[in-house]
Every structure is written in C-alpha cells, then in structure tokens.
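As structure tokens, the structure follows; a few thoughts come after it.
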Amino acid sequence: MNLDFRVHSDIRFAHTLPSSFYLDPSIFRHSKDRIFRNAWHYAGTLAPLESYRYVPRMLMPGFLDEPVIIVRKQPGKIHAMSNVCTHRGNLLVNSPGNQRVLHCGYHGRCFGLDGTCRSMPAFEEVPDFPSVHDDLKNFQVSSLGPMLFVQLGESGYLTPVIQDIRQRMVGYDFDGLTAMPALNQEFEIEAHWALYVDNYLEGFHVPFVHPGLNASLDMEAYAYETHAFHNLQLGFGKDGDELIVPDGSSPKQGKHVIAYYWWIWPNIMLNCYSWGVSLNIVNPIGPKRTLIQFETFLFDPADQGRFLQSGIVQTEIEDEEIVLQVQKGIQSSAYDRGRYSPVHEKCVHHFHQLIARAMNEGPERETDLNFV
Ligand code: FES
Ligand SMILES: [Fe+2]
C-alpha cells in the first residue's frame with residue numbers, strides 16, 4: 001500500500017491525488033487515524049445545554065464512534081470528556097441529565113462533572129486509587145454561535161479558524177442563530193467522502209452543473225482564499241441582491257457577497273447566507289459510502305421562507321449526481337491523476353495538500369514528505 005502521497009506546492013505543476021486514495025480500502029482505514037482521529041468534529045448544538053447539565057454525544061457515528069459527554073460547568077462554560085467508564089469501559093451516560101455526580105450503571109464507579117473519579121465500591125484494598133488514570137479523559141471544545149466542536153487530539157487549529165471567520169464577518173450575528181432541527185436533512189451517497197469535498201471546493205463546475213445557482217451568482221467575481229486549515233469561497237450576487245455583511249478584506253470590495261462558503265479541515269462546510277447558516281458535515285461510512293448531514297440555523301426561526309427558496313436541496317441533488325459519476329470514472333484503469341486550474345481549483349489543491357501531509361505523517365512515518 002502506498003501512503004506516500006505527494007502534491008506539488010505550486011498548483012501549476014501539481015497533479016491531483018491518485019485514484020488509489022479514493023479507492024483503496026486499506027488507505028481508507030488509515031485515513032481514520034491519520035486524518036480524522038486528530039481532527040475537530042462537529043458535536044451538535046448547544047441548545048440542550050440550556051435545560052441540562054450534560055448531554056451524551058457520539059462523534060462520527062459509524063466511523064470513529066467516539067462517545068463523549070458535553071458538560072455545562074456554568075452558563076457559557078462548556079467542556080467535553082470521554083463517556084467511557086475507566087473501570088471496564090461501560091458507557092456512562094445514555095441520556096441528557098442534571099445530576100452533579102455520574103454513577104456508572106455497571107459496577108457503581110462515581111465521577112464528578114469535571115471527570116474526576118471520586119469513588120468505587122469494593123476498591124478499598126486497591127492501592128493508589130483513585131488516581132488521575134481513573135479520571136475521564138478531557139477533550140478540547142470550541143463553539144461558533146450554537147454550533148459545538150470537539151477535538152480528540154492535541155491540535156488547536158480550530159480556535160484561529162473561528163477567530164478568522166468572526167473577524168472576516170464582523171456584523172454577522174453567529175450568536176443570534178437558532179438551530180432548526182426540523183429543517184435538518186441527511187443525504188447518503190455511494191461515493192468516497194473526499195470526492196464530495198473536492199466538488200464542494202470549487203465553483204468551476206457551477207455554470208456546467210448548477211443552472212439555477214449560476215443564474216444567481218456573478219461567476220466572474222467568484223473568489224477563493226486558502227489559509228492553514230480552512231479556506232473560503234466568496235459568492236457574489238448581482239446588483240441589487242441582498243448583501244450579507246460588508247467584506248472589507250475582499251479583493252472585490254464593494255461587490256455584493258451573497259454567500260460565504262467556509263470549509264474547515266477535513267469535513268466541515270459552513271455556508272453563510274443572509275437568512276442564516278447551512279452547516280454540512282461530510283461523514284465517511286466506507287470507502288464508497290458517505291453520509292452528508294445538513295443542519296440549518298436561522299436568524300429568524302419564524303421566517304423559513306428564504307431558506308426554503310434558497311435552492312440548497314436542488315444544488316445538493318446536482319452535486320450528488322456529478323460526484324457519483326466521478327466515483328465511477330476514477331475506477332477506470334484509464335484514469336489516475338489530473339491537473340488543477342490555478343484560477344478555479346486553489347481550494348481543491350489546498351485540500352489535497354493537507355490530505356497528503358496528514359497521510360504521510362502517520363505514527364509510522366515521521367519524516368516530512370509533504371508539499372513536495
Ligand atoms: S465499567 Fe463502570 S464501574 Fe465497572
Ligand atoms: Fe456544486
């Protein structure tokens with residue numbers, strides 16, 4: 001199995017990822033540890049924590065299956081910890097609750113809401129018990145308005161990403177968004193998760209694939225920006241369209257931004273419109289199976305009209321059709337890698353470089369082969 005992926009740092013000379021990345025089941029298995037285990041994950045909304053002290057959540061169900069507990073320490077103070085009892089691995093919490101101490105339902109081990117192991121029946125003779133090794137593991141959390149994110153590893157990359165988003169969109173009231181679970185949808189497709197992301201990261205295909213969206217965007221003005229772990233596509237409208245927020249740092253200053261399409265490594269898509277946010281999470285299930293979660297957040301929960309007229313579902317259907325065709329195409333022995341358009345495919349190139357780096361820098365291989 002070849003895990004030595006190389007994507008040239010100069011887009012003009014670069015080739016796309018080889019088909020094996022999308023097709024080889026063993027590479028898919030490696031991507032779980034190398035890409036997703038250390039990534040930030042969407043962990044649902046903060047709304048239930050207005051009524052409960054803690055809620056259990058499963059991160060990436062069907063793939064990572066990481067059970068966590070989200071705890072509200074005090075208003076506005078959230079933390080996350082493992083939902084796995086440190087005795088023999090039972091799941092501690094199965095439903096939201098308000099108790100101040102968590103009791104494991106298997107043999108009665110007790111934990112504080114900060115994760116500290118407090119006590120356990122029949123352990124009096126065990127020396128050095130409880131110790132820090134008996135505490136629940138803590139995880140980093142971050143939030144943007146009502147959206148909560150959790151990180152299982154050490155990387156702190158989401159904090160600067162969220163700072164950048166807030167700075168770029170000063171005046172966009174993320175904290176005024178309301179989660180609208182009734183408007184959420186899931187789409188399951190028979191394709192590799194990264195093909196879906198590749199397609200999202202360029203507007204190149206809009207005139208070819210999305211006639212409706214194409215009519216509402218000024219594709220001459222469409223712009224791309226890449227940063228360390230996130231990138232941005234700016235969708236500009238036509239004269240007279242509703243402006244989201246003034247975009248002070250855009251090279252097309254003065255034009256009307258009608259959509260900010262933020263992508264955050266590796267699978268988070270935050271689409272910001274004048275009516276609110278459509279958050280898309282791309283969940284790998286298998287090498288050829290992906291579940292895309294669409295969550296909706298509105299500024300005005302009573303006004304669903306503009307969301308319903310946004311054409312999001314039609315665009316999704318068109319995207320799925322093309323991604324399914326590409327999934328079939330890359331299985332051909334006649335195709336392996338392509339080239340990038342330096343004008344339109346900067347963000348795809350950025351994504352592929354991050355994949356190459358993550359896949360090459362696994363625990364078995366410390367040398368830096370990235371961006372060659
Ligand atoms: S597994 Fe929790 S007390 Fe035994
Ligand atoms: Fe699309």
Side-chain angles (χ1 to χ4, degrees), residues 54 56 67-69 81-94 97 99 101-113 115-126 129-131 133-137 185 187 189 191-219 222-224 231-236 258-263 267 269-273 278-280 282 290 292 294 310-327 329 341 344-348 351:
Y54 54 84
V68 299
I69 312 173
M81 57 196 191
S82 170
N83 190 11
V84 178
C85 177
T86 49
H87 176 223
R88 297 242 310 275
N90 183 35
L91 287 188
L92 260 182
V93 169
N94 292 309
Q99 294 169 40
V101 176
L102 304 175
H103 298 265
C104 178
Y106 200 177
H107 315 96
R109 185 170 284 201
C110 294
F111 300 89
L113 288 185
T116 313
C117 178
R118 297 262 182 89
S119 61
M120 171 135 193
F123 262 57
E124 294 78 11
E125 293 171 32
V126 177
F129 178 86
S131 77
H133 304 293
D134 303 300
D135 294 344
L136 300 173
K137 188 172 178 196
Q185 281 179 283
F187 303 91
I189 59 166
H192 189 277
W193 69 275
L195 284 184
Y196 188 88
V197 176
D198 289 350
N199 173 70
Y200 174 85
L201 289 177
E202 43 91 358
F204 200 6
H205 68 274
V206 171
F208 302 99
V209 174
H210 304 302
L213 181 62
N214 190 45
S216 64
L217 287 172
D218 175 353
M219 289 310 296
Y222 201 89
Y224 304 88
N231 61 45
L232 169 64
Q233 295 170 77
L234 285 162
F236 292 86
I258 58 166
Y260 283 75
Y261 304 113
W262 295 99
W263 170 82
N267 66 336
M269 298 157 175
L270 184 79
N271 306 302
C272 304
Y273 306 100
S278 171
L279 176 72
N280 309 157
V282 184
T290 301
I292 305 116
F294 272 47
S310 65
I312 281 179
V313 173
Q314 178 58 31
T315 302
E316 171 62 18
I317 291 166
E318 291 160 357
D319 279 326
E320 285 183 18
E321 275 174 22
I322 201 77
V323 169
L324 289 174
Q325 286 204 75
V326 175
Q327 177 74 40
S341 158
H344 294 294
E345 292 175 302
K346 279 187 189 112
C347 294
V348 186
F351 174 48

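Excluded from the calculations below are hydrogen atoms, water molecules and symmetry mates; all remaining heavy atoms, backbone and side chain alike, are included. Heads up: numbering here begins at 1 and tracks the sequence. First listed ligand is number 1; within each ligand, the first listed atom is number 1.
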Contacts of type ring-ring contact (aromatic ring centres under 6.0 Å, His included), residue Tyr261, not counting sequence neighbours: none
Partner residues of Tyr200 under the side chain to side chain donor-acceptor pair (under 3.5 Å) criterion, sequence neighbours left out: Asn271
Ring centre gap for Phe187 and Phe294 strictly below 6.0 Å: yes
Partners passing side chain to side chain contact (heavy atoms under 4.5 Å, CB included) against His87 (at least two apart in sequence or in another chain): Cys85, His107, Arg109, Met120, Phe123
Donor-acceptor under 3.5 Å (Asn199 side chain, Tyr196 main chain): no
Check: Glu318/Gln314 side-chain N/O donor and acceptor closer than 3.5 Å: yes
Angle subtended at the Fe ion (ligand 2) by His205 NE2 and Asp319 OD1, rounded to 10 degrees: 100°
Under 3.5 Å donor-acceptor, Asp134 side chain and Cys117 backbone: no
Under 4.0 Å to a heavy atom of Met120 - the qualifying atoms of ligand 1, by number: 3 (S)
The Fe ion (ligand 2) reached by Glu318 (N, O or S, under 2.8 Å): no
Atom 2 (Fe) of ligand 1: protein N, O or S atoms that are less than 2.8 Å away, sorted by chain: Cys85 SG, Cys104 SG
